[in-house]
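Here the structure comes first, spelled out in structure tokens, and everything after it is commentary.
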Amino acid sequence: MPDLYIANKNYSSWSLRPWVLMQTLDIPFNEHLVPFKGGLGASREAFTHFSPSGLVPCLVDGDIAVWDSLAIIEYVAEQHPKVWPKDKVARAWARSACAEMHSGFTTLRDECSMNCGVRVALDRVSAGLSSDIERLDARWQEGVARFGGPFLAGNEFTAVDAFYAPVVFRVQTFGLPLSEVSRAYVKRMLALPAMQAWYQAALEETWREPAHEADTLQHGTLTADYRNA
């Protein structure tokens, strides 16, 4: 059984992707949570014990180490075809949407960092963030309409849903404006047992990493904190 190394569930958006995919699709793995330490340098030093990049997530399968969320998902898909949609057209779309999320939406990432347990009122929606939200909304609407839903590439949860799972938590935290179709998708995702399990674990964490906390409030005001003290 492979070992999946992740960081804090409250903060680590990249860790969530393979975790929620494997949990939802009943792909067995051993979880190892290694918390972020004070600053990127300290975290990298801790993570290099299991990750060649010094980053999370990292999947270790015997003597094979696979780092980066997209690489992990592709590795897992080699043994579990249900990771990607069966239909060729849906599969091509899902791969493209994953790649877009992997390399894009930079303003959304920067101005709305993942912090599952809090709620934040944005001071304003910048032009860059507005553009990212519009693009995200269009992509979600396209997937649901084109492939029939209820998930982005059809009636089954696949890698593309896992890749956008961190954005679902960002929408919840920052109250991002979306269409009715996309709001329904967010509600559906938040109701998934694996997403519920991740969220509850995030609330129970008592770690506080100053850099992540500062990023969360860089563009807004804290309105609620549901985490354990």
Side-chain angles (χ1 to χ4, degrees), residues 5-20 33-44 46-47 51 53-58 67-70 97-98 100-137 139-140 161-178 182-183 185-186 189-190 195 198-229:
Y5 290 85
I6 63 173
N8 309 57
K9 289 179 178 174
N10 189 54
Y11 303 127
S12 187
S13 59
W14 297 81
S15 295
L16 171 58
R17 293 168 174 171
W19 189 95
V20 74
L33 196 158
V34 182
F36 289 115
K37 297 186 180 296
L40 182 60
S43 293
R44 278 184 180 270
F47 296 158
S51 173
S53 66
L55 300 171
V56 288
C58 183
W67 61 99
D68 186 275
S69 57
L70 185 56
C98 281
E100 183 178 9
M101 183 70 248
H102 191 260
S103 61
F105 297 100
T106 54
T107 305
L108 175 61
R109 298 175 194 273
D110 291 343
E111 297 186 10
C112 301
S113 63
M114 191 168 104
N115 194 327
C116 297
V118 303
R119 303 294 181 268
V120 176
L122 290 170
D123 297 331
R124 67 184 186 92
V125 177
S126 68
L129 179 57
S130 179
S131 177
D132 275 1
I133 293 172
E134 288 177 9
R135 195 160 116 239
L136 173 75
D137 200 5
R139 189 67 66 244
W140 284 0
D161 300 293
F163 250 73
Y164 284 88
V167 180
V168 168
F169 280 130
R170 285 176 163 99
V171 170
Q172 177 176 254
T173 294
F174 293 93
L176 302 181
L178 294 170
S182 293
R183 289 198 305 272
Y185 174 69
V186 167
M189 286 285 289
L190 289 172
M195 290 285 280
W198 180 279
Y199 181 63
Q200 291 304 317
L203 296 185
E204 292 169 8
E205 291 177 351
T206 55
W207 301 295
R208 298 292 182 268
E209 205 283 312
H212 284 90
E213 293 295 309
D215 285 346
T216 301
L217 299 179
Q218 187 176 1
H219 300 284
T221 303
L222 183 71
T223 60
D225 190 337
Y226 299 112
R227 299 172 293 178
N228 288 347

Pair V171-Y185, side-chain contact (heavy atoms from CB on, under 4.5 Å): steps then yes or no: CA-CA 11 Å; V171 170; Y185 174 69; over 6 Å; no

Which residues share a salt bridge (charged side-chain N to carboxylate O under 4.0 Å, His left out) with R135, sequence neighbours left out: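 Scan of R135 (salt bridge (charged side-chain N to carboxylate O under 4.0 Å, His left out), adjacent residues dropped) gives E100, D132.
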
Among residues at least two apart in sequence or on other chains, which ones pass salt bridge (charged side-chain N to carboxylate O under 4.0 Å, His left out) with R227?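 If we apply the salt bridge (charged side-chain N to carboxylate O under 4.0 Å, His left out) test to R227, skipping adjacent residues, the hits are E213, D225.
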
Is a side-chain donor or acceptor of [X] paired with a backbone partner of [Y] at a separation under 3.5 angstrom?
| X | Y | value |
| --- | --- | --- |
| N8 | N10 | no |
| D137 | S182 | no |
| R119 | T223 | no |

R208/Y11 under side-chain contact (heavy atoms from CB on, under 4.5 Å): CA gap, chis, key distance, verdict: CA-CA 10 Å; R208 298 292 182 268; Y11 303 127; 4.1 Å; yes

Closest approach of [X] to [Y] (non-hydrogen atoms, all atoms of both residues):
| X | Y | answer |
| --- | --- | --- |
| A7 | S15 | N-OG, 3.2 Å |
| P35 | F47 | O-CE2, 4.1 Å |
| L190 | M195 | O-CB, 4.2 Å |
| A46 | K37 | CB-CE, 3.6 Å |
| R109 | G104 | NE-O, 3.0 Å |

With rounding to the nearest 0.5 angstrom, report the [atom1] to [atom2] distance, [X] to [Y].
| X | Y | atom1 | atom2 | value |
| --- | --- | --- | --- | --- |
| S126 | D110 | OG | CG | 9.5 Å |
| S113 | L108 | OG | CG | 10.0 Å |
| L178 | R183 | CG | CZ | 7.5 Å |
| L136 | L176 | CG | CG | 8.5 Å |
| H212 | S12 | NE2 | OG | 7.0 Å |

State which residues pass ring pair (Phe, Tyr, Trp, His ring centres under 6.0 Å) with F105; sequence neighbours excluded, sorted by chain then number.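 F105 satisfies ring pair (Phe, Tyr, Trp, His ring centres under 6.0 Å) with no residue once adjacent residues are dropped.
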
side-chain contact (heavy atoms from CB on, under 4.5 Å) with [X]: which residues, sequence neighbours excluded?
| X | answer |
| --- | --- |
| S69 | W14, R17, P18, P57, H102, F163 |
| A162 | V20, L21, F157 |
| S13 | M114, P166, R170 |
| L217 | V120, L222 |

Within the structure provided, determine whether [X] and [Y] are in side-chain contact (heavy-atom separation under 4.5 Å).
| X | Y | result |
| --- | --- | --- |
| Q172 | V186 | no |
| K9 | Q200 | no |
| L55 | W67 | no |
| S131 | T107 | no |
| T216 | F174 | yes |
| L203 | N228 | no |
| V34 | V56 | no |

Worked check of side-chain contact (heavy atoms from CB on, under 4.5 Å) between C112 and L129: CA-CA 9 Å; C112 301; L129 179 57; 3.9 Å; yes

Does the pair F169 and Y199 meet the rule for a side-chain contact (heavy atoms from CB on, under 4.5 Å), with working shown? CA-CA 9 Å; F169 280 130; Y199 181 63; 4.0 Å; yes

Pairing residues for [X] by the side chain to side chain donor-acceptor pair (under 3.5 Å) criterion, not counting sequence neighbours:
| X | answer |
| --- | --- |
| S53 | S51 |
| E205 | none |
| Y164 | none |
| W140 | none |

What salt bridge (Lys or Arg N to Asp or Glu O under 4.0 Å) pairs are there with at least one residue in residues 120-130, not counting sequence neighbours?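 Matches after skipping sequence neighbours: none remain.
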
